[in-house]
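Just below is one structure, and these are the notes that go with it.
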There are 2 protein chains.
Amino acid sequence: MAATLKDIAEKLGLHPATVSRALNPRTAHLVNAGTVTRVRRAAESMSYVPNSMAAGLRTSRSHTVGVVIPDLTNPLFPGIVRGIQDTLSRAGYTPLMVNTDNDADVEAQVVASLRARRVDGFILATARREHPLLVELSSKLPVVLINRVTDSMQLPSVSADNQHGIRLAVDHLVGLGHREIGHVGGPVWSSTGHERAQSFARTMRAHGLSTARRINAVDAWSIESARDAARRLLVANPGITAILAANDQLAIGTIEAARSLKRRCPQDLSVVGYNDMPFMDLVDPPLTTVRVPQYDIGSESARLMLSLLLEQEATPLKQVRLTPELVVRGSTARRRAPRA
Amino acid sequence: MAATLKDIAEKLGLHPATVSRALNPRTAHLVNAGTVTRVRRAAESMSYVPNSMAAGLRTSRSHTVGVVIPDLTNPLFPGIVRGIQDTLSRAGYTPLMVNTDNDADVEAQVVASLRARRVDGFILATARREHPLLVELSSKLPVVLINRVTDSMQLPSVSADNQHGIRLAVDHLVGLGHREIGHVGGPVWSSTGHERAQSFARTMRAHGLSTARRINAVDAWSIESARDAARRLLVANPGITAILAANDQLAIGTIEAARSLKRRCPQDLSVVGYNDMPFMDLVDPPLTTVRVPQYDIGSESARLMLSLLLEQEATPLKQVRLTPELVVRGSTARRRAPRA
DNA sequence: CGGCGTAGTGCAATCGATTGCTAACCGCGG
DNA sequence: CCGCGGTTAGCAATCGATTGCACTACGCCG
């Protein structure tokens, strides 16, 4: 059906090998310049499309990268994915994207199916803290981690600086006069949640503020989960005047919990989110949040992957840290007189 | 490096062909049951992963489907993509996803690169009204259209019933007492925008209401674009008390335009969106909108694609239409006395 | 005029799985 | 004892591109 190298070769009275070389920019210099243009023209006219499966079989490189995402419908990820796609495709690579739903079994399964497709490498945005696959996987293929650095192993990674982001947020709240600041943290199994909670504690201590009993955790990065947790936190600590949530969904859940306790945001309670997902400027109240450069995280991780794939000499371990910034909107306000 | 059929065969003193048959459920019955289990066990222990590129080369089927999306960061799409992925992967297929940014050139390019990867079919969610590629493409590969039926050609498609959705919205507004209802339509090149505008006109006429001069169009599905358009519409037609926007972004832009003209939503102007993207319940005011079943659109289109790929006999042309529903929230209200 | 270097092509093996055909072998009936 | 049907398994070709090696022809130098 579709034209092959052999078809072109026959039409031109050449050998397939010559046609192959003429069409490959890296080897075209081995072929007479006139022949190259003849071949190019013929390929064009026969609308030749190289069969990447055949090429991949021969070279055992698929020009394909597995991209493992916990949940694409979390608005944090589409931006990242766009960054990955744009950068990879510019280099002739195709991302193979899969969701895991934050389920370790699903993850094992999709990783296996991507290996069957012979991906050349993996970009992992799943942020479980422990990760049995990782050791084995990274010994066989290039792996780039997104939003996570592992405790045990050194791997190439791209992430936004959580410590810095959290400090921006806490400084902002302290600057507004808040002293009793709570934290609604992410799931305990999540390395991101863990890191942000630690950064929170560290920063609070640096300000000489109490931290220990205010840290709280939920079991999913969801609005519902935060609703419960924040409610408990607020009931247990009525003196809290501000809460830093570990991401935007948790911030929204926190605001809803506050409302259910008749505490308005920002008048009675300031709330800061994290990530600055799309539309967070439009919710009520517009969310003050830490913006992470989503597209850049994606494109940087793709760039890192490409350098691992293309550099002949072993690339030195690179861990890219991007800097988040604080976006002040309507969900934070100066602390008012403590409630009666 | 990785184990191959031959490796297993040698270890077991068998021929690769036998191993292949033993491992393939469709041909396992040709092999002695005992041999099958021996092979299975060996494959397991050597952690054999079949090379899908070799299989694909031989069978010229990649078990891969190209999924072409205009813009993944449009929150409408992640839900659809999830539906596609879940359904395809359950059947052993892998989606290859690409963005086009609503650019026809980019689209041509990504389609070419997907064809080089020998995708078995295409799911197209790009909704340009005219589409030169489509004719050629659909003659060579199975194609399923999302959110679009073409004027010229009959192709398998999955979409939500725009006419029905628009009617729900208009009926709602009319029921609230509105008579002068405007429409902020999508880009003219978009088939979705076109269809919704037509449905709007039709429904308004059915209600005996004026329509002609209120229809308006913008050049992108963006908040900014709607801001300008809605402003012009409102300035030109100050009597308008309600606006139906062709999607949620346009609705948000419309609300902002109204604000800039000192018209509050919903008190002075009711606004209805379309799609019910995530977080539309949280914006200010919570958006009344037509909900389309995003996940189902994705999974139905994947199902349709699978039936095209797997059924031996030609599948009869199927055009799936899903039914949207109206979600009433805070952006619409009963019409008040006409403004002074 | 002989020999050597080089540019340009052709040859053929290779990647790993699949599959139509063939071959070996068994049991059984005539 | 022969032959036949049926079950298992091996053989070998095939998919299409890539690439190390061999070969030809030509130009150039000594």
Side-chain angles (χ1 to χ4, degrees), chain A residues 1-40 42-43 46-64 92 94 113 115-120 312, chain B residues 1-40 42-43 46-64 92 113 115-120:
Chain A
M1 195 80 187
T4 70
L5 280 190
K6 193 153 58 143
D7 297 336
I8 301 181
E10 272 166 16
K11 180 170 171 185
L12 260 45
L14 288 171
H15 194 272
T18 308
V19 177
S20 170
R21 281 189 275 255
L23 254 23
N24 184 336
R26 224 184 50 253
T27 51
H29 68 101
L30 297 169
V31 178
N32 182 299
T35 312
V36 169
T37 52
R38 272 171 60 222
V39 169
R40 290 247 168 86
M46 304 171 70
S47 65
Y48 166 74
V49 182
N51 185 326
S52 63
M53 292 194 304
L57 176 58
R58 175 61 221 259
T59 60
S60 71
R61 317 188 67 252
S62 63
H63 285 255
T64 262
T94 301
S113 97
R115 296 199 54 198
R117 295 223 173 267
R118 292 298 191 272
V119 293
D120 294 338
Q312 41 277 53
Chain B
M1 196 77 189
T4 69
L5 280 190
K6 195 156 49 147
D7 297 335
I8 301 180
E10 271 167 16
K11 180 170 171 183
L12 260 45
L14 289 172
H15 195 272
T18 308
V19 178
S20 169
R21 282 189 274 254
L23 255 23
N24 184 336
R26 223 183 50 252
T27 51
H29 66 103
L30 297 169
V31 177
N32 182 298
T35 312
V36 169
T37 53
R38 274 172 60 225
V39 169
R40 290 246 167 87
M46 305 172 69
S47 65
Y48 167 73
V49 182
N51 185 324
S52 62
M53 292 196 302
L57 177 58
R58 175 60 219 261
T59 60
S60 71
R61 318 189 68 251
S62 63
H63 286 258
T64 263
S113 97
R115 297 200 54 197
R117 294 221 175 268
R118 291 299 191 272
V119 294
D120 294 339

Are there any protein N/O atoms within less than 3.5 Å of an N/O atom in nucleotides 7-12 of chain C, and if so, which ones and at what distance?
| residue | atom | partner | partner atom | Å |
| --- | --- | --- | --- | --- |
| C:dT9 | OP1 | A:Thr35 | OG1 | 2.9 |
| C:dT9 | OP2 | A:Asn32 | N | 3.1 |
| C:dT9 | OP2 | A:Thr35 | OG1 | 3.4 |
| C:dG10 | OP2 | A:His15 | N | 2.8 |
| C:dG10 | OP2 | A:Thr18 | OG1 | 2.8 |
| C:dG10 | N7 | A:Arg21 | NH2 | 3.1 |
| C:dG10 | O6 | A:Arg21 | NH2 | 3.0 |

Q) What nucleic acid atoms does A:Arg118 come within less than 4.0 Å of, heavy atoms only: base, sugar-phosphate, or nothing? A) nothing
Q: Could you list the residues that satisfy side chain to side chain contact (heavy atoms under 4.5 Å, CB included) with A:Thr27, not counting sequence neighbours?
A: A:Arg21, A:Asn24, A:Leu30
Q | With sequence neighbours excluded, residues passing side chain to side chain contact (heavy atoms under 4.5 Å, CB included) with B:Ala9 | A | B:Pro16, B:Val19
Q. Atom CE of A:Met53 and atom C1' of D:dA17: how far apart are they, to the nearest Å?
A. 12 Å
Q. Rounded to whole angstroms, how far apart are CG on A:Leu57 and C1' on C:dC15?
A. 4 Å
**Q.** Check: A:Thr94/B:Arg117 side-chain N/O donor and acceptor closer than 3.5 Å
**A.** yes
Q | Atom-to-atom span, NE2 of A:His63 to C1' of D:dA17 - whole angstrom | A | 12 Å
(Q) Between P on D:dA17 and CD1 on A:Ile8, what's the gap in Å once rounded to a whole number? (A) 8 Å
Q: Give the minimum heavy-atom separation between A:Asp120 and A:Arg61, together with the two atoms involved.
A: OD1-CA, 3.5 Å
Q: Say whether, by atom type as modelled, one donor and one acceptor occur between the side chain of A:Ser60 and the main chain of A:Leu57 under 3.5 angstrom.
A: no
Q) Do the side chain of A:Arg38 and the main chain of A:Leu12 share a donor and acceptor less than 3.5 angstrom apart? A) yes
**Q.** d(CZ, B:Arg117; P, D:dA17) in whole Å
**A.** 14 Å
Q | Below 4.0 Å: OP1/OP2 of C:dT19 and any side-chain N or O of B:Arg26 | A | yes
Q) Reckon B:Ser60 touches a base, only the sugar-phosphate, or nothing at all at heavy-atom distances under 4.0 Å? A) nothing
Q: Ignoring hydrogens and angles, tell me if any N or O in the side chain of B:Ser52 forms a donor-acceptor pair with the backbone of A:Ala116 under 3.5 Å.
A: yes
Q: Name the residue closer to the 5' end of DNA chain C, choosing between A:Ala54 and B:Thr27 according to the nucleotide with the nearest heavy atom.
A: A:Ala54
Q: Nearest whole angstrom, please: distance from the C1' of D:dC11 to the NZ of B:Lys6.
A: 14 Å
Q) What is the distance, rounded to the nearest whole Å, between atom CG of B:Asp7 and atom P of C:dC15? A) 11 Å
Q: Could you check how far CG of A:Leu23 sits from P of D:dG16, rounded to whole Å?
A: 16 Å
